[in-house]
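We count residues from 1, following the sequence as given. No hydrogens, no waters, no symmetry mates; every other heavy atom, side chains included, goes into these values. Because the structure is a prediction, the values reported are computed rather than measured.
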Amino acid sequence: FFQGAHDPKRLHALCGLGNYSELQQAITNLPDGAMDYGSITESDLAEAFSSLFGVDVAEAKSGLQAARAALSDIDQLYQEMLLQSAEGEAEFAAARERLMKKGGGA
């Protein structure tokens, strides 16, 4: 299953979207005991993309960096949106409370 791994100490594998059967079987076959999880470095991931898809390592690394920057921007916008939504809800609740006190409405 890990035949494409460059370093047997840092096993990794890529699965096709919608077909995880090979991964599920490999997990089922693991021995009982604790597992030590780690993350792959950007350089290792770029090298894996390079060997799998035939792209230049530097190009793959540049694409990963651009994707990470775009994801960071999206996350920042999402966090700002959540903050604005919370502020809007608080303002709405305060306005509703004022109206309730004024008119005794429901």
Side-chain angles (χ1 to χ4, degrees):
F1 180 72
F2 293 108
Q3 65 190 18
H6 298 290
D7 181 353
K9 295 178 188 169
R10 296 192 56 166
L11 298 179
H12 64 278
L14 299 176
C15 296
L17 183 62
N19 182 7
Y20 302 103
S21 59
E22 193 174 349
L23 175 61
Q24 290 168 335
Q25 187 60 49
I27 291 171
T28 301
N29 294 339
L30 288 172
D32 291 336
M35 294 185 75
D36 182 24
Y37 293 96
S39 60
I40 188 169
T41 66
E42 188 174 86
S43 295
D44 288 345
L45 188 56
E47 287 180 26
F49 282 156
S50 175
S51 65
L52 285 171
F53 304 114
V55 296
D56 180 66
V57 174
E59 196 176 316
K61 196 170 187 177
S62 175
L64 288 169
Q65 290 168 343
R68 180 175 286 130
L71 185 57
S72 178
D73 290 345
I74 290 169
D75 185 56
Q76 184 177 354
L77 289 171
Y78 177 70
Q79 294 301 322
E80 290 172 9
M81 182 194 72
L82 288 177
L83 180 60
Q84 288 175 357
S85 176
E87 290 170 351
E89 287 177 16
E91 288 175 19
F92 176 78
R96 182 173 180 259
E97 186 65 30
R98 285 192 304 272
L99 286 174
M100 296 282 285
K101 286 180 181 178
K102 270 186 180 181

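Between Gln79 atom CD and Met81 atom CE the span is 9.0 Å, to the nearest 0.5 Å. Atom CG in Asp75 sits 10.0 Å away from atom CD in Glu80 (nearest 0.5 Å). In this structure, the separation between CD on Glu42 and OG on Ser62 is 9.5 Å, given to the nearest 0.5 Å. Once rounded to the nearest 0.5 Å, the distance linking CD of Glu91 with CD of Glu89 reads 11.0 Å. Residue Leu77 holds its CG atom at 9.5 Å from CD of Gln84, rounded to the nearest 0.5 Å.
For the residue pair Ala60 and Ala46, the shortest heavy atom distance occurs at CB-O, 3.7 Å. Minimum interatomic distance between Leu64 and Leu45 (heavy atoms only, all atoms of both residues): CD2-CD2, 3.9 Å.
Between Glu47 and Lys61 there is no salt bridge, since no side-chain nitrogen of the basic residue lies less than 4.0 Å from a carboxylate oxygen of the acidic one.
In this structure, Ser50 contributes its side chain and Val55 its backbone to a donor-acceptor pair below 3.5 Å.
Linking ILVMFWY residues whenever their side-chain heavy atoms come closer than 4.5 Å, directly or via other members, places Ile40 and Phe53 in the same cluster.
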Would Thr41 and Asp44 count as a side chain to side chain contact (heavy atoms under 4.5 Å, CB included) here? Give the steps.
CA-CA 5 Å; Thr41 66; Asp44 288 345; 3.1 Å; yes
